[in-house]
Peer 1: 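I'd like to ask some things about the structure below.
Lettering of chains follows the sequences in order, A, B, ..., and the numbering in each one begins at 1.
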Amino acid sequence: MPYWLMKSEPGCFSIDDLKKCPKQTEAWDGIRNYQVRNIIRDQIKVGDKAFFYYSNAKPSGVAGIMEVVSNPYPDPTAFDPEAKHYDPKSTLENPIWLLVDVKFIKKFKRVIPLQELRAEPLLSDLWILRQGSRLSITPVTAAEWEAILALE
DNA sequence: GCCAACGTTGGC
DNA sequence: GCCAACGTTGGC
């Protein structure tokens with residue numbers, strides 16, 4: 001089973017916000033990067049688990065776990081001129097941007113800080129720790145998944 | 001708020 | 001298609 005790490009700024013959308021959503025499920029919208037779009041289109045499947053990662057936060061780090069509960073479908077915010085991530089290039093006939101729905105599974109007792117991820121030898125190859133890594137969804141191996149769970 | 005590392009845009 | 005300018009991300 002594949003695992004993922006999905007970034008959000010908690011001031012924008014936190015794991016508590018996700019928990020409060022109807023059915024504790026929300027559309028993970030706003031992705032406007034082709035590499036991430038391709039991951040959503042080609043790799044992410046219903047039932048996959050993902051870490052909820054806080055970026056630009058105090059502290060930045062892993063806040064909990066969620067599950068992918070939909071297949072990819074067009075991101076409606078791309079069609080909305082009022083939306084922050086409106087993209088006129090994406091049309092109903094030919095949508096560019098995709099998203100999946102995610103469901104709250106668990107909030108960790110604490111945010112596992114980035115500093116501790118960096119310090120863990122088992123996570124030396126974790127995508128998010130690579131220099132300049134800016135993709136908002138990145139893969140996590142089963143071994144890395146277990147290593148992060150062990151840090152909670 | 002700084003700034004390095006990226007991605008995107010657009011002139012040519 | 002090159003690449004400089006610009007915008008964004010995200011740790012610190």
Side-chain angles (χ1 to χ4, degrees), chain A residues 2-21 26-44 48-68 72-141 143-152:
Chain A
Y3 298 100
W4 307 99
L5 182 148
M6 300 168 72
K7 291 183 195 173
S8 177
E9 301 193 13
C12 179
F13 185 71
S14 74
I15 196 161
D16 296 308
D17 296 329
L18 177 61
K19 191 177 182 180
K20 279 184 266 182
C21 287
E26 182 61 293
W28 197 267
D29 62 16
I31 287 171
R32 299 293 181 267
N33 173 288
Y34 284 100
Q35 279 180 266
V36 179
R37 190 278 310 268
N38 293 346
I39 287 173
I40 293 173
R41 185 187 60 193
D42 304 331
Q43 296 187 251
I44 291 188
D48 287 358
K49 299 269 180 29
F51 285 124
F52 196 125
Y53 178 86
Y54 285 174
S55 62
N56 259 320
K58 296 177 182 177
S60 293
V62 180
I65 300 173
M66 52 196 171
E67 180 178 344
V68 176
Y73 61 96
D75 183 342
T77 67
F79 308 133
D80 177 5
E82 303 297 318
K84 182 182 176 189
H85 297 291
Y86 172 60
D87 185 352
K89 295 194 299 296
S90 185
T91 62
L92 287 168
E93 296 74 25
N94 194 11
I96 297 174
W97 304 115
L98 304 174
L99 55 71
V100 291
D101 293 341
V102 293
K103 181 176 184 183
F104 174 87
I105 297 291
K106 179 182 182 180
K107 179 185 177 182
F108 290 159
K109 295 185 191 72
R110 63 173 189 135
V111 174
I112 301 168
L114 180 59
Q115 192 180 351
E116 290 187 33
L117 303 180
R118 288 195 192 282
E120 171 52 62
L122 293 171
L123 298 175
S124 57
D125 291 328
L126 187 67
W127 194 304
I128 194 93
L129 301 182
R130 295 177 198 169
Q131 183 175 36
S133 167
R134 289 169 37 183
L135 300 185
S136 59
I137 299 180
T138 51
V140 175
T141 68
E144 289 164 344
W145 182 268
E146 294 301 326
I148 290 171
L149 290 182
L151 291 175
E152 188 192 350

Peer 1: Any chance you could lay out the salt bridge (Lys or Arg N to Asp or Glu O under 4.0 Å) test for A/Arg32 and A/Asp87, step after step, and finish with the verdict?
Peer 2: CA-CA 9 Å; A/Arg32 299 293 181 267; A/Asp87 185 352; 5.3 Å; no

Peer 1: When you measure from every atom of DNA chain B, which of residues 124-133 of chain A have a heavy atom less than 4.0 Å away?
Peer 2: A/Gln131, A/Gly132

Peer 1: At under 4.0 Å between heavy atoms, what does A/Tyr54 touch on the DNA or RNA strands: base, sugar-phosphate, or nothing?
Peer 2: nothing

Peer 1: Give the minimum heavy-atom separation between A/Phe52 and A/Ser14, together with the two atoms involved.
Peer 2: CZ-C, 3.5 Å

Peer 1: Do you know which two heavy atoms are closest between A/Pro95 and A/Ser90, and how far apart they sit?
Peer 2: CA-OG, 3.5 Å

Peer 1: On DNA chain B, compare the nucleotides closest to A/Asn56 and A/Arg32; which residue's is nearer the 5' end?
Peer 2: A/Asn56

Peer 1: Before accepting this row, confirm whether a basic side-chain N of the pair A/Lys106/A/Glu152 lies closer than 4.0 Å to the acidic partner's carboxylate O.
Peer 2: yes

Peer 1: Specify the residues of residues 74-90 of chain A, ordered by number, for which at least one heavy atom lies under 4.0 angstrom from an atom of DNA chain B.
Peer 2: A/Lys89

Peer 1: Go through the steps for A/Tyr53 and A/Trp4 under the test ring-ring contact (aromatic ring centres under 6.0 Å, His included), then give the verdict.
Peer 2: CA-CA 10 Å; A/Tyr53 178 86; A/Trp4 307 99; over 10 Å; no

Peer 1: When you measure from the side chain of A/Ser8 to the backbone N and O of A/Phe13, does any donor-acceptor pair fall under 3.5 Å?
Peer 2: yes

Peer 1: Along DNA chain C, 5' to 3', what are the outermost nucleotides having an atom less than 4.0 Å from a heavy atom of chain A?
Peer 2: C/dG7 to C/dC12

Peer 1: Judged by atom type as modelled, is there a donor-acceptor pair below 3.5 Å linking the side chain of A/Glu116 to the main-chain atoms of A/Pro113?
Peer 2: no

Peer 1: Between A/Arg130 and A/Asp125 (salt bridge meaning N to carboxylate O under 4.0 Å), is one present in this structure?
Peer 2: no

Peer 1: Could you tell me whether a side-chain N or O of A/Asp29 sits under 3.5 Å from a main-chain N or O of A/Thr77, the two making a donor and an acceptor?
Peer 2: no

Peer 1: Strictly distance-based, threshold 3.5 Å: is any side-chain N or O of A/Ser124 a donor or acceptor partner for the main-chain N or O of A/Pro121?
Peer 2: yes

